[in-house]
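This report refers to the structure that appears directly beneath it.
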Number of protein chains: 2
Amino acid sequence: MSARDRILDTLEAILISEGERAATLDAVAARAEVSKGGLLYHFPNREALIGGLVGRARNYAAAYRDELRSSPDGPTLAYIRTSAETNTDFDRTLIALGRLGGDQHPEAASALRAAQQDWVDLVREEIGDEATARAIVLMGDGLYYNAMFQDAPPRDVDGLLRVVEVLRASVSRG
Amino acid sequence: MSARDRILDTLEAILISEGERAATLDAVAARAEVSKGGLLYHFPNREALIGGLVGRARNYAAAYRDELRSSPDGPTLAYIRTSAETNTDFDRTLIALGRLGGDQHPEAASALRAAQQDWVDLVREEIGDEATARAIVLMGDGLYYNAMFQDAPPRDVDGLLRVVEVLRASVSRG
DNA sequence: GTCTATAAGGTGATAGAC
DNA sequence: GTCTATCACCTTATAGAC
């Protein structure tokens, strides 16, 4: 694995488990086993380091959108199923980005918004109702919210799938 | 308003709009218009300052639980309605706490978990199905997740209320 | 209850060697 | 592409005056 990727993995790990405050250049460099100078060769400053994480999120989001689009059981069920998966690469990147909310890192917020919009669009196209699509994506958002705190409860995918099935049936009845 | 409350309000404001990293003792003291020494009289160290925020969250959560319990249209609808309200005191405290996720502030995480458990309990008692109750609370969680990032879209309470009505009707049909 | 002054160490970033 | 050395500034916390 390249030093660049190792650095971003480490940044994610620290953001997830210790928070924004702990994610200093020193801490990231040490845990990624490069010197601070080495880190600053790949990312010339702190902002560029965060930018690297945002870029990674955008890449994952694009791949995930395609995955949802081509899923055999449809985007909606695939979205719920995958939202309940913990510790995937995309999951970790999303949670790490979640630690950077606020006005300070607008690119992080906009990357997340764009991804969410993709999901709402896919679900709405499939089940045909805007409010229901938003509610379903909101449940996925809720899972991420929960994953942001320690001792996140296990994500109960079966219960959620049943609930989504009810919503979908209700829309198709009109 | 007491200096103590002004300090906690300021801490919230900085956590919400600029993130954990910007919430230094210096920044909080300056914006709360006390000296750093003054701040450290009320909260002897950084941990105590965060503890003050967690205590505030617990108080709000207890009051909110009682409010849900005694709501004329039932806890479920009251929960959804109030989850869509932005910029209430409790809302701000929750979002500020959200910035502190991770293993670093376990009291923050456990205060949030306790509040969520209250809500699931109230909704389950009312509508009688665990998975549905969890899904409904998850939508509220999703609203908080969204509120953590800048340019949060307006929370569409009417659409959500309709969706919740569908779920409730489905459970009562069995 | 609030202030100023100050210590001790952390933090981001630069320069230049290898 | 990675390192060490170094600088200026930031951050937490303590001590003691008012």
Exercise. Among all residues two or more places apart in sequence or in another chain, which pass the ring pair (Phe, Tyr, Trp, His ring centres under 6.0 Å) test with Tyr64(A)?
Worked result: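 In terms of ring pair (Phe, Tyr, Trp, His ring centres under 6.0 Å), with neighbours along the sequence ignored, Tyr64(A) is linked to Phe90(A), Trp119(A).
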For this session: Let me know, please, whether Gly38(A) or Arg21(A) comes out on the 5' side of the other along DNA chain D by nearest nucleotide.
Result: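 Comparing both residues, the 5'-ward one is Gly38(A).
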Problem set entry | 5′-ward residue of the pair Thr24(A)/Ser35(B) relative to DNA chain C |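 Its nucleotide being nearer the 5' end, the pick is Ser35(B).
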Can you name the atoms? Protein N/O to nucleotides 13-18 of chain D N/O, anything below 3.5 Å, with the distance.
residue	atom	partner	partner atom	Å
dA13(D)	OP2	Arg46(B)	N	2.9

Exercise. Is any side-chain N or O of Tyr41(A) closer than 4.0 Å to OP1 or OP2 of dG1(D)?
Worked result: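 Yes, because at least one side-chain N or O of Tyr41(A) sits under 4.0 Å from OP1 or OP2 of dG1(D).
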Would you mind reading off the distance between [X] atom [atom1] and [N] atom [atom2], rounded to a whole angstrom?
X: Glu18(B); N: dT11(D); atom1: CD; atom2: P; answer: 11 Å
X: Glu33(B); N: dC3(C); atom1: CD; atom2: C1'; answer: 15 Å
X: Asp26(A); N: dT6(D); atom1: CG; atom2: P; answer: 16 Å
X: His42(A); N: dG1(D); atom1: NE2; atom2: C1'; answer: 6 Å

Exercise. Does the Arg81(B) side chain pair with the main chain of Leu161(B), one donor and one acceptor, at a distance under 3.5 Å?
Worked result: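 Between the backbone of Leu161(B) and the side chain of Arg81(B) there is no qualifying donor-acceptor contact (under 3.5 Å).
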Problem set entry | Polar side-chain atom of Arg155(B) near backbone of Thr86(B) as donor-acceptor pair, under 3.5 Å |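 No; judged by distance alone, with no hydrogens or angles, the pair does not exist.
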Problem set entry | Least distance between heavy atoms, Thr93(A) atom then Leu53(A) atom |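 Looking at all heavy atoms of both residues, the closest pair is CG2-O, 4.0 Å.
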Just distance, no hydrogens or angles: give the donor-acceptor pairs under 3.5 Å from side chains in residues 18-25 of chain A, sequence neighbours left out.
residue	atom	partner	partner atom	Å
Glu18(A)	OE2	Arg31(A)	NH1	2.9
Glu20(A)	OE1	Glu20(B)	N	3.2
Thr24(A)	OG1	Ala27(A)	N	3.0

Exercise. Does the distance from a Lys or Arg side-chain N to an Asp or Glu carboxylate O, for Asp9(B) and Arg56(B), drop under 4.0 Å?
Worked result: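 Salt bridge present between Asp9(B) and Arg56(B).
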